[in-house]
Amino acid sequence: MRLCILIPDDADLTRYADWREQAAQIDPLLKRRGIMPSYRPWTDDPPSDTDLVMPLMAWGYHRNTARWYAQLDHWSRLAFANPLVALRWNTDKRYLLDCAAKGVPIVPTQFYAAIAAADLDAARVAFATETVVVKPPVSAGSDDTWLLKSPQTLPVAALGRAMLVQPMMPSILTDGELSLFYLGGTLAHAIVKRPTGDDFRVQPQFGGQSESIIPPPAAVAVAEQALAAVPGEVLYARVDLVGDGCSGFVVMELELIEPWLHLNRAADDGAAFADAIACACL
């Protein structure tokens, strides 16, 4: 069985050198099931005899969106662990608006095709808050993401660009952000991520910390609503949730392309995930 896992391209290998850490978790699980994974930059073609492709570590694709979309078109005849229609849908965070249209509770979100100073003022009024988060619709790792407290205005780097605006959710600072991992269609494990100090970002590169948790049933219900909104069935997914301030949860992000899976946090260390990959490769 031949599996190809997509990794950063050559220009990003130094920036994302930790892809090898996740590979080290996955390799033994796969090899015990007769799967010898190959690793290729996402800008290359997988080997022609590949049974299944996973863009699990295609980190950096958001910096070359045109090339990424072209690759998705180019790969149309290959079998992907998460279908190409889901990957394309998930590339642009406006999928949140699609989820909301399907009844999924999300962090309130507004999209501006070319954001202007007046749009920031309007968003603050609409959200009834002075503190908002501004981010590109295609982004990762909080790149070009700003927390703006009134009277702060839009950075020059944001003006005229396509941007999403959301209210800052206070529960991130008090309770953290939940990440639920679905592997092979089943909830495998969950973690809570908390920012450090005055930062609002929960990623490790900004000092964020995480720990394993048993997610509340209300969070699981919302996560599964979000997954039901995805076009196509997916083999792996991470659903990020935050408290809505009223004892409920809302979706902050749904990651179907290149999540860090934290397999060491799963009760079976990822065995069921490896089994699902083996079945998909047949």
K149 side, atom NZ; T131 side, atom OG1 - distance, nearest 0.5 Å
6.0 Å
Only counting residues at least two apart or in another chain, list the ones meeting salt bridge (Lys or Arg N to Asp or Glu O under 4.0 Å) with R67.
none
How would you list, by chain and number, every residue that makes a ring-ring contact (aromatic ring centres under 6.0 Å, His included) with F273, sequence neighbours excluded?
none
Minimum heavy-atom separation for V53 to T50, with atom names?
CG2-CG2, 3.8 Å
Say whether S139 and K93, considering side chains only, have a donor N or O and an acceptor N or O under 3.5 Å apart.
no
Not counting sequence neighbours, which residues clear salt bridge (Lys or Arg N to Asp or Glu O under 4.0 Å) with D9? List them please.
none
Does Y95 share a hydrophobic cluster with W68, counting links as ILVMFWY side-chain heavy atoms below 4.5 Å and allowing steps through other members?
no
Using the salt bridge (Lys or Arg N to Asp or Glu O under 4.0 Å) rule, collect all pairs that involve residues 99-115, keeping only residues at least two apart or in two chains.
D98-K102
T129: partners by side chain to side chain donor-acceptor pair (under 3.5 Å), with sequence neighbours left out
none
Treating Ile, Leu, Val, Met, Phe, Trp and Tyr as nodes and any side-chain heavy-atom pair under 4.5 angstrom as an edge, say whether M163 and L148 lie in one connected cluster.
yes
Contacts of type side chain to side chain donor-acceptor pair (under 3.5 Å), residue R40, not counting sequence neighbours:
none
Quick one: pull up CZ in F111 and OG1 in T109 and give me the separation to the nearest 0.5 Å.
12.0 Å
For the pair Q71 (side chain) and W42 (backbone), establish whether a donor and an acceptor sit closer than 3.5 Å, ignoring hydrogens and angles.
yes
Summary of salt bridge (Lys or Arg N to Asp or Glu O under 4.0 Å) pairs that have at least one residue in residues 222-235, sequence neighbours excluded:
none
Side-chain heavy-atom pair Q152, L147 within 4.5 angstrom cut-off:
no
Verify side chain to side chain contact (heavy atoms under 4.5 Å, CB included) between M1 and L52, making sure each step is shown before the conclusion.
CA-CA 9 Å; M1 292 183 284; L52 190 70; over 6 Å; no
Work out which heavy atom in W146 is nearest to a heavy atom in A158; give both atom names and the distance.
CZ3-CB, 3.7 Å
For L235, is there any backbone N or O sitting under 3.5 Å from a side-chain donor or acceptor partner on Y182?
no
For T91 and Y61, what are the C-alpha separation, side-chain angles and deciding distance, and is it a side chain to side chain contact (heavy atoms under 4.5 Å, CB included)?
CA-CA 9 Å; T91 295; Y61 76 87; 4.0 Å; yes
Grab the two heavy atoms, one from P46 and one from W75, that are nearest each other, plus how far apart they are.
CD-NE1, 3.7 Å
Contacts of type salt bridge (Lys or Arg N to Asp or Glu O under 4.0 Å), residue D51, not counting sequence neighbours:
R2
Nearest heavy-atom approach of M57 to A23 is SD-N, 4.1 Å
Among I191, L227, L187, which residue satisfies the side chain to side chain contact (heavy atoms under 4.5 Å, CB included) criterion with L180?
L187
Taking side chain as C-beta onward, heavy atoms only, is S212 less than 4.5 Å from H189?
no
Just to verify, what does H262 make a side chain to side chain donor-acceptor pair (under 3.5 Å) with, not counting sequence neighbours?
none
ILVMFWY network linking W59 to L56, side-chain heavy atoms under 4.5 angstrom
yes
Verify side chain to side chain contact (heavy atoms under 4.5 Å, CB included) between N82 and I257, making sure each step is shown before the conclusion.
CA-CA 8 Å; N82 288 351; I257 301 173; over 6 Å; no
Kindly give the heavy-atom pair with the smallest separation between Q225 and P105, and that separation in Å.
OE1-CD, 3.7 Å
Euclidean distance, L78 CG relative to L84 CG, rounded to 0.5 Å
7.5 Å
N90 and V230, any side-chain heavy atoms less than 4.5 Å apart:
no
Check against side chain to side chain contact (heavy atoms under 4.5 Å, CB included), D92 and T65:
CA-CA 10 Å; D92 189 310; T65 308; over 6 Å; no
Hey, could you give me the CG/CD1 distance between L178 and I213, rounded to the nearest 0.5 Å?
4.5 Å
Do D12 and W19 come within less than 4.5 Å of each other through their side chains, counting heavy atoms only?
no
Using 0.5 Å steps for rounding, measure from the CZ atom of F181 to the OG1 atom of T186.
15.5 Å
What salt bridge (Lys or Arg N to Asp or Glu O under 4.0 Å) pairs are there with at least one residue in residues 258-282, not counting sequence neighbours?
R33-D275
With side chains defined as the heavy atoms from C-beta onward, is the minimum distance between L30 and I277 less than 4.5 Å?
yes
The salt bridge (Lys or Arg N to Asp or Glu O under 4.0 Å) partners of R20 (sequence neighbours excluded) come to none
Counterpart residues, side chain to side chain donor-acceptor pair (under 3.5 Å), relative to Y39 (two or more places apart):
D27
Common cluster, L3/L6, ILVMFWY with side-chain heavy-atom separation under 4.5 Å:
no
Heavy-atom pair with the smallest gap, counting every atom of R194 and G176
CG-CA, 3.9 Å
Spell out, as yes or no, whether a donor-acceptor pair under 3.5 Å connects the side chain of S171 to the backbone of D175.
no
May I ask whether I35 and L261 are part of the same hydrophobic cluster, defined by side-chain heavy atoms of I, L, V, M, F, W, Y residues being less than 4.5 angstrom apart, directly or through others?
yes
If you measure from CE on M169 to CZ on F249, what distance do you get to the nearest 0.5 Å?
11.0 Å
